[in-house]
Structure formats: structure tokens, C-alpha cells
Amino acid sequence: MTKLHLDLGERGYDITVGRSLLSSAGEYFNLDRKVFIVTDTGVPSEYAERVAKCAKEYRIVTVPMGEGAKSPEVYTRLLSSAVEFGMTRTDCMVAVGGGVVGDLCGFVAASYMRGIDFYNIPTTLLSQVDSSIGGKTAINLGGVKNIVGAFHQPKGVLIDLDTLKTLPKRQISNGMAEVIKMALTSDSELFSFLEENEINDENIERVVVSSLKIKKYVVENDERESGLRKILNFGHTLGHAIEAEEEMRGFYHGECVALGMLATISDKARPGLISALVKAGLPTEYKGNIEHALSFITHDKKCDGSMVSIIFVDTPGSFRIEKMTTEAFMDLCLKKI
Ligand code: GLY
């Protein structure tokens, strides 16, 4: 078991990584109160039930699986359910699921009675290495992702690696894109490991913990994304555009980020990235309509008018941030993808 502490002063919290942790959630979180648990239909129901057994009083709400649950309607339904359950300011909410559940439940917790305690139990690789840490919570509105949200740090994060055993292989690859992203900008040693190795049950803890250390460092130094935290968007500007273009075909976020990274990596480092993507089971070429996908770039939150902040990796383990016009970025993508 590994315990990390994300140091944000009073808003700091522990991140515990291990196995068979769900049934002992009460040892890590204060569940001796009303506990409102949010999970989704894609998560085995016994995960939330195991956590509920540690609570003094609980309500489990299961939302539909998928990005569609990050809607104002589902958000309002959860708030109403919390009111009906009689939640007070001293009670807490717990997310048991992937990034969608964490973002949604986190935002409900951030806004219910102006903010109550929130714990996160991420059950997908992507949420374990990235989205469960750092306090970003949000829902979507009018087709724009994460446009309504809040920074609301969890009071604790419990990462039970056993939950990955029920995860489809494609979902593991989805999370690996974020691992590769963090290694490329910040940890050349981890990146070399990813070039040579496929993820498996033996090395998963090392990979998750190494990624968490990067994320922890970034959030501790730039909680509100005024500088350093932008590096977590490496590959995401083009990635989000491809994701919007491919919505109907069901591309995963990590698959789109994988393609997005290929546009902003140096020619020298590109073969290494391709090796790591292949090892992780991620795509290395885009066969869709790149011109049309690029038209979504202006919808990206990171796009400030006609300018975008783009993260480039010339050498694994390092990065540079460049502000450029959307046109210049689009030209670059057309050349590289
Ligand atoms: N997942 C990006 C961030 O937490 O900033």
C-alpha cells in the first residue's frame, strides 16, 4: 500500500493506493455520518455497496453510464435526492466510479449547501491517475464539456487497484494515454519504462503511483491552472477536437489524446511515443476527417479568442508552453497527423 499526501495546506488530503480497500473505506474517510454515494450503471454495484457498509447512514444513487450523465438534469436530480435524504452541511458525498461520476458527484458536493465534504473512490485507470486528483469538478451544458463547474478538492482519495480487474482492456488503454502524457512532460524514467513495457498486474501499482506523484506535484504548485497545470493538457487541444468529431463513433478520450500528442511532439521523440502508444494498445494514426475535427478547436475552453496555449515535448521528461494562433496550430496538426 502507498500513501501520498497532496499538500494544499488546509485543503490537503491523502491519496491511498492499494488492494481490497473498498470494504475498509471507513478507515480512510469519516463515514460516521450521512453518506451520499454516487455510482453509475457501468460500475459493479457491489463496489458502492461495500463502501455503504462502512457508513452510519447512506443513500446510493446510480446514474446512467457515460458522459451524458454530466448534464444539468442529472445534476439537479442528485441535488434533489440529497435534499430528500436530509443531507446537512456536516454530511458527505462519495463518488464510486470513473471520471464522469467523480466530476458530477464532486460538483454536486461543491454546490450543495455551498460545499460539503467529498471523497473520491476512482474505479477506472483514467480517473485513478488523473481526474480524481486535483479538485476539478464539472458538468456539461449546451454541448460544451465541463463549462459549469468548480474547484472543490476531495477530503480523501482511495484507489483500489482491484477495481481495475473488472475493467475492459480498452478502458485500461484509455487511462494509459494520460499516464503517457504525464510521463512525457515530467518523468523520462517512467516514459522509458512505458516504451518497453505493457501494463500488467505486477507493474500497475508502480505506474499508478508514479503518475500520481506527477499529478500531485503539478496540483500542489498550480492548483488553479494559471501556469504549470496546463501541462496536463498536453495532447488535449487536438484530442478534444477529435473527440468532438468522433462522438458518434464512440472514440474514447484517451484514444483522442493519444492522437493529439502526436501533433505536438518533436520528430526525434515521436518514435518513442509511437512505441509507448502501441504497447498501451492506443491508436497511432487518425483516419477520420482531420480538417473537420480541427473546426472544433475554437470551442475548446483553453482557446483564448484566436490564441491557444499549446504544450510541446521536444525531449521526454520536459515541455515548453507556446501561445499561438488557432490557425498556426491547425496548420501544424494538418502537417503532423
Ligand atoms: N485532468 C487535467 C487536470 O486535472 O488539470
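Order of appearance sets the numbers: ligands from 1, and atoms from 1 within every ligand.
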Problem - Salt-bridge criterion met for Arg33 and Asp91 (N-O under 4.0 Å) - result: no

Problem - Residues forming a ring-ring contact (aromatic ring centres under 6.0 Å, His included) with His292, sequence neighbours excluded - result: Phe296

Practice task
Using side-chain contact (heavy atoms from CB on, under 4.5 Å) as the criterion, point out the one residue from Thr264, Ile297, Leu294 that pairs with Thr237.
Solution key: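 Result for side-chain contact (heavy atoms from CB on, under 4.5 Å) with Thr237: Ile297.
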
Filter the ligand 1-protein atom pairs down to N or O on both sides and distance under 3.5 Å, then list them.
unit_1: ligand 1; atom_1: 1 (N); unit_2: Asp130; atom_2: OD1; d: 3.1
unit_1: ligand 1; atom_1: 1 (N); unit_2: Asp130; atom_2: OD2; d: 3.3
unit_1: ligand 1; atom_1: 4 (O); unit_2: Lys215; atom_2: NZ; d: 2.5
unit_1: ligand 1; atom_1: 4 (O); unit_2: Arg229; atom_2: NH2; d: 2.8
unit_1: ligand 1; atom_1: 5 (O); unit_2: Lys136; atom_2: NZ; d: 2.9
unit_1: ligand 1; atom_1: 5 (O); unit_2: Arg229; atom_2: NE; d: 2.8
unit_1: ligand 1; atom_1: 5 (O); unit_2: Arg229; atom_2: NH2; d: 3.3

Problem - Geometric class of the His253/His240 ring pair [parallel <30°, tilted 30-60°, perpendicular >60°] - result: tilted

Show me the side-chain donor-acceptor pairs of residues 22-29 shorter than 3.5 Å, one per line, residues at least two apart or across chains.
unit_1: Ser24; atom_1: OG; unit_2: Leu21; atom_2: O; d: 3.2

Exercise for the section: Quick one: which residue pairs count as a side-chain hydrogen bond (donor to acceptor under 3.5 Å, both in side chains) with a foot in residues 275-291, not counting sequence neighbours? Expected result: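 For residues 275-291, and leaving out neighbouring residues, the side-chain hydrogen bond (donor to acceptor under 3.5 Å, both in side chains) pairs sorted by first residue read Glu246-Tyr286.
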
